[in-house]
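Residue indices begin at 1 and follow the sequence shown.
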Amino acid sequence: MRKIYFAGSIRGGREDQALYIAIVEMLREFGEVLTEHVSGADLTVAGESMNDTDIHNRDLHWLRASDRVVAEVTTPSLGVGYEIGRAVEWGKPVLCLYRGSSGRALSAMIAGSDGAIIKNYETVDELSLIFVDFFS
């Protein structure tokens with residue numbers, strides 16, 4: 001079974017948490033989502049109760065074990081940027097989802113990376129075709 005690493009903002013802001021639930025649900029059709037907790041309603045901008053080193057090491061373990069990475073990058077997040085950078089460095093296929101209508105500029109480090117596929121979308125319904133294309 002394909003292993004998928006989903007990245008979304010936690011400490012950078014939780015305003016997209018409901019969207020993350022829908023994304024994780026859709027991603028389950030394509031494999032095992034190693035980071036389902038990112039969509040959890042119990043997660044706040046304070047993050048998890050684990051210490052930072054343990055979170056870092058656990059997440060990098062999951063990232064290394066993944067076959068593909070999907071990141072929602074509309075809400076800026078240092079952690080998500082770090083995860084994307086590592087995944088690109090390790091040669092993992094990376095899909096970045098971005099809602100251009102958000103009024104937020106996409107980081108040039110993400111937009112300019114030739115190691116990441118950037119897909120603009122506005123509604124959850126649009127993600128089905130994007131995922132089919134990415135996972136085919």
If I take atom [atom1] from residue [X] and atom [atom2] from residue [Y], how far apart are they, to the nearest 0.5 angstrom?
X      : Y      : atom1 : atom2 : value
Asp54  : Asp59  : CG    : CG    : 10.5 Å
Asp16  : Ser102 : CG    : OG    : 8.5 Å
Ser101 : Asn120 : OG    : CG    : 9.5 Å
Tyr98  : Ser107 : OH    : OG    : 10.5 Å

Handout entry: Qualifying residue, where the test is ring-ring contact (aromatic ring centres under 6.0 Å, His included) with His37 and the options are Trp62, Tyr20, Phe6
Key = Trp62

What I'd like to find out is whether the side chain of [X] reaches to under 4.5 Å of the side chain of [Y], using heavy atoms alone.
X     : Y      : answer
Cys96 : Ile84  : yes
Leu63 : Tyr82  : no
Val33 : Thr35  : yes
Leu19 : Glu72  : yes
Leu95 : Phe135 : no
Trp90 : Leu60  : yes

Practice task
Using a strict 4.0 Å threshold on nitrogen-to-oxygen distance, state whether Glu126 and Lys119 make a salt bridge.
Solution key: no

Mind listing the closest non-hydrogen atom pair of [X] and [Y] along with its distance?
X      : Y      : answer
Met26  : Phe131 : CB-CE1, 3.9 Å
Ser66  : Ile4   : CB-C, 4.4 Å
Arg64  : Lys92  : O-NZ, 2.7 Å
Glu83  : Ala7   : OE1-CB, 3.3 Å
Gly115 : Val88  : O-CG2, 3.6 Å
Ser9   : Pro76  : OG-O, 4.0 Å

Verify the cluster assignment for [X] and [Y]: are they in a single hydrophobic cluster under the rule of side-chain heavy atoms below 4.5 Å apart?
X      : Y      : result
Ile110 : Val69  : yes
Leu97  : Val132 : yes
Val80  : Tyr121 : no
Val24  : Val124 : yes
Ile130 : Val70  : yes

Practice task
Return yes if a side-chain donor-acceptor contact under 3.5 Å exists between Thr75 and Arg104, otherwise no.
Solution key: yes

Practice task
Mark yes or no: Arg68 above the aromatic ring of Phe134, with NZ or CZ under 6.0 Å from the six-membered ring centre and no more than 45 degrees from the axis.
Solution key: yes

Exercise for the section: Please identify each residue that fulfils side chain to side chain contact (heavy atoms under 4.5 Å, CB included) with Glu89, with sequence neighbours left out. Expected result: Arg86

Problem - Verdict with supporting geometry, Ile21 and Glu25, side chain to side chain contact (heavy atoms under 4.5 Å, CB included) - result: CA-CA 6 Å; Ile21 290 172; Glu25 193 66 33; 5.5 Å; no

